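These notes concern the structure reproduced below.
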Amino acid sequence: MSKVATLAAWLIISLCLVALITLPVNLQTQLIASVLVVTFMALIKLLDAGGRWRLIALAFGSAMVLRYVYWRTTSTLPPVNQPENFIPGFLLYLAEMYSVVMLALSLFVVAMPLPPRPSRSATPGKHPKVDVFVPSYNEDADLLANTLAAAKGMDYPADKLTVWLLDDGGTLQKRNSTNLVDAQRASARHRELQKLCEDLGVRYLTRDRNEHAKAGNLNNGMLHSNGELIAVFDADHAPARDFLLETVGYFEDDPRLFLVQTPHFFLNPDPLERNLRTFEKMPSENEMFYGIIQRGLDKWNAAFFCGSAAVLRRKALEDTSGFSGLSITEDCETALALHGRGWNSVYVDRPLIAGLQPATFASFIGQRSRWAQGMMQILMFRFPLLKGGLSIPQRLCYMSSTLFWLFPFSRTIFLFAPLFYLFFDLQIFTASGGEFLAYTLVYMLVNLTMQNYLYGSFRWPWISELYEYAQTVHLLPAVVSVLLNPRKPTFKVTAKDESVLESRLSEISRPFFVIFAVLLIASALAIYRVYTEPYKADITLVVGGWNLLNLIMAGCALGVVSERGEKAASRRVKVSRRCEFSFGEQTYPATIENVSAHGARVQVYGLPTDELLIDVRGQIRFQPYSGDGTFEALPVSIRNIETEGDLTIVGCRYLPEIARHHSLVADLIFANSQQWSEFQSMRRGNPGLLRGTLWFLWLALYQMSRGLIYFFRSIKTETGAGK
């Protein structure tokens, strides 16, 4: 009886909702209702009401979105007998419906995400044997040394931990290449990394042929190891000392658990953050995924493997013949296969690794193109909605993750739709200015409010739109190519150890300036048409406002593709750690102020500066986290000197000579995971819609001017070089 009553209640609610959505009202009533709903949602947000109130606010917002969908479907499409209007108009309609579907899936995934899970340490005496895989392709030895040393230095019983370097850059196929230069480089790499692994006490493994990219490399590692659990770290992802202690305990609780995934935390900004200078002020783009979305997926047992910073159960992987390699995103595909076989996953929302992001905009786009193409392959080859073994929530979660990467199509349509009217006078959206105000503008406002509800301090207003626009220009052809030929894309390693030493325009920046120029001309045309066609001024103002919004986004993107030069080759991390600085025969009290992958900045007390010379050797002596409390020495060379009162600030460069020195560098940078959590908390704040919008407008104007300066400077340089 209770099930019947529940079903009846849901039926009544659904009928009421349909009646509310389809209720015919005049524009004034629609506008008043919209203002009341937006005010109600803003009030609940202002009062920071959670739980049911949050769901009620999202329900009201959803009702307004559905009213817009009903109006848009029944009242605004151009007549079919006008193909010049109907075709672009219907494409715009499909783009909007895609956005609504993605909003609905987002609501399902993250309306009430799981709170961060508590720590779950392994039971004393019950530490399973763990193999740590570090797959590598073309990364240099210094980068690998830091990651391997950090992995080797994790707090875990030594007899239960084996670290493997899986080297796909020194395979027999590469060493025997017909290209003599490539063969010699591969052989030299093979010898160098073998020696490095021997010094660090880790296992070196390569294979005969480079088959099935990263998935094949990992599967080869499985053939040569036997640990109950497998931890995977990318070559540039170094773990904190407590990584395994915070993750392996979950496998005791659930024999069907195949995955414990942790966030990817990055030491350096991505190109957008670096060029916009928002890295230390605003949450990173990836924090929306790792801070909210993965917790939402975890609620439905759908948190998936992200390729690194994860621990997997060998028995589960053997159930699906290892890591999946049909797509170029082997991580998500592997998780999908295992979820379909009834295995479970857990997401631990605590940064326990620190990695590197692409430094240049071109590398960033290359990385995102691989993600987009891989997710499209999963959508086409595996189609999660109909995959057997998945629960309905899991199907929806995987559809959300894969369908997201179709955004280049909708973004492109939204970008060019106003131009159909401004340049060609096509009527692709049949509505008056008042209807735009009462329905479309309200829909946009409610949509932004709902996103602010869902993502709060993890994503500031308009930033998602900027990231999507910046990617769309180059991701669109990448996605189209995989849809036309799903098996064409191949795995390409993303360069992570690049640096931009001089300010310049990105080599793939030209389309952004062309689009900006077109939108600027369209804005001027909109103003002209308001004066010459006053009888259509309401529609022209609305379309012109839409185009102006696109122009602001395009202007901000000019700053994104204007690469800022950086003097430092790697990002510095604040540590504030006591040490001693040795110079000559003397030792002085000191504090390590910050560190990077290559050097450190040390505050030294009482150091005689008149005796210091650049490139002179010294030592930093400190207590490693994983040691027995004694001080150990890391040799350095002095690179620069500053005086601040009684303190001498010494910039040092590491001079590792033995394997232990690499371990000390890793201990300085990566051992303490708490510093990553503190840094994330420091830059998480919700400016709200109004303040966030004003901030974005200022940012867009500044970055537009900076981008134009870079553009004219590049023209001047090219002109000068051509003379």
Side-chain angles (χ1 to χ4, degrees), residues 91-92 94-96 98-99 101-102 105-106 270-276 284-286 288-289 293 306-307 327-333 357-381 399-417 459 462-496 505-516 518-519 550 553-563 707:
L91 289 175
L92 175 60
L94 290 178
E96 290 187 75
Y98 164 80
S99 298
V101 169
M102 293 310 300
L105 290 172
S106 296
D270 67 35
L272 279 80
E273 293 172 313
R274 179 169 56 82
N275 295 329
L276 302 181
S284 285
E285 182 218 16
N286 66 295
M288 184 174 79
F289 176 73
I293 294 176
C306 298
S327 74
I328 58 174
T329 47
E330 82 296 326
D331 41 17
C332 182
E333 185 187 351
Q357 299 191 89
T360 67
F361 183 70
S363 294
F364 173 81
I365 291 297
Q367 179 193 62
R368 299 310 168 93
S369 295
R370 178 170 66 83
W371 293 357
Q373 290 182 324
M375 285 301 200
M376 288 299 98
Q377 287 178 315
I378 291 175
L379 183 65
M380 299 173 73
F381 293 145
M399 289 301 292
S400 175
S401 299
T402 53
L403 287 175
F404 166 79
W405 291 98
L406 289 172
F407 74 80
F409 291 100
S410 61
R411 285 287 166 194
T412 301
I413 293 171
F414 292 149
L415 180 66
F416 290 107
R459 177 47 44 92
W462 304 104
I463 294 301
S464 287
E465 285 74 13
L466 176 62
Y467 267 91
E468 290 185 10
Y469 169 74
Q471 295 176 76
T472 289
V473 175
H474 293 287
L475 254 61
L476 181 64
V479 174
V480 169
S481 70
V482 74
L483 292 177
L484 295 176
N485 188 353
R487 299 186 182 276
K488 180 180 179 180
T490 56
F491 190 98
K492 295 180 181 178
V493 177
T494 304
K496 302 285 185 67
L505 283 178
S506 170
E507 57 269 36
I508 58 174
S509 64
R510 189 176 299 275
F512 292 90
F513 288 93
V514 173
I515 293 171
F516 178 80
V518 172
L519 296 178
N550 287 336
M553 198 67 63
C556 194
L558 299 186
V560 169
V561 298
S562 300
E563 309 268 28

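This structure is a prediction, so every number in the text was calculated from the model and none was measured. This chain uses plain numbering: 1 for the first residue, then up along the sequence.
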State the [atom1]-[atom2] distance between [X] and [Y], to the nearest 0.5 angstrom.
{"X": "C332", "Y": "Q377", "atom1": "SG", "atom2": "CD", "value": "12.0 Å"}
{"X": "F513", "Y": "S562", "atom1": "CZ", "atom2": "OG", "value": "5.0 Å"}
{"X": "M553", "Y": "I515", "atom1": "CE", "atom2": "CD1", "value": "13.0 Å"}
{"X": "E330", "Y": "I378", "atom1": "CD", "atom2": "CD1", "value": "9.0 Å"}
{"X": "F416", "Y": "L91", "atom1": "CZ", "atom2": "CG", "value": "13.5 Å"}
{"X": "S401", "Y": "L105", "atom1": "OG", "atom2": "CG", "value": "9.5 Å"}

So do the side chains of [X] and [Y] get within less than 4.5 Å of each other, counting heavy atoms only?
{"X": "P511", "Y": "H474", "answer": "yes"}
{"X": "V473", "Y": "I365", "answer": "no"}
{"X": "Q471", "Y": "F364", "answer": "yes"}
{"X": "M375", "Y": "L403", "answer": "no"}

Could you list the residues that satisfy ring pair (Phe, Tyr, Trp, His ring centres under 6.0 Å) with F414, not counting sequence neighbours?
none
Identify, with sequence neighbours excluded, every residue that meets ring pair (Phe, Tyr, Trp, His ring centres under 6.0 Å) alongside F404.
F407
Within 45° of the ring axis of F361 and under 6.0 Å from its six-membered ring centre, is that where the NZ or CZ of R274 lies?
no
So, is the end of the R459 side chain (NZ or CZ) under 6.0 Å from the ring centre of Y467 and within 45° of the ring's axis?
yes
Which residues pass the side chain to side chain donor-acceptor pair (under 3.5 Å) test with [X], not counting sequence neighbours?
{"X": "E333", "value": "S327, R382"}
{"X": "D331", "value": "none"}
{"X": "S284", "value": "E273, R683"}

With a 3.5 Å distance limit and no angle check, can you tell me whether R368 reaches the backbone of L475 through a side-chain donor-acceptor pair?
no
I would like to know whether S481 and Q373 meet side-chain hydrogen bond (donor to acceptor under 3.5 Å, both in side chains); could you show each step before the answer?
CA-CA 8 Å; S481 70; Q373 290 182 324; 3.3 Å; yes
If you take all heavy atoms of [X] and [Y], which pair is closest and at what distance?
{"X": "V482", "Y": "M380", "result": "O-SD, 4.0 Å"}
{"X": "G559", "Y": "N275", "result": "O-CB, 3.4 Å"}
{"X": "I413", "Y": "L92", "result": "CG2-CA, 3.6 Å"}
{"X": "A359", "Y": "E563", "result": "O-OE1, 4.2 Å"}
{"X": "T360", "Y": "P271", "result": "O-CG, 3.2 Å"}
{"X": "V560", "Y": "L272", "result": "CG1-CG, 3.5 Å"}

Look at the rings of Y469 and F512 and say which category their plane angle falls in: under 30° parallel, 30 to 60° tilted, over 60° perpendicular.
perpendicular
Those residues that, when tested against V480, pass side-chain contact (heavy atoms from CB on, under 4.5 Å) (two or more places apart)
F409, L476, L484
Checking N286 against D270 for the side-chain contact (heavy atoms from CB on, under 4.5 Å) test, could you report, in this order, the C-alpha distance in whole Å, the side-chain angles of both residues, the deciding distance, and whether it holds?
CA-CA 10 Å; N286 66 295; D270 67 35; over 6 Å; no
Is there a side-chain contact (heavy atoms from CB on, under 4.5 Å) between L505 and R510? Walk through the geometry before answering.
CA-CA 9 Å; L505 283 178; R510 189 176 299 275; over 6 Å; no
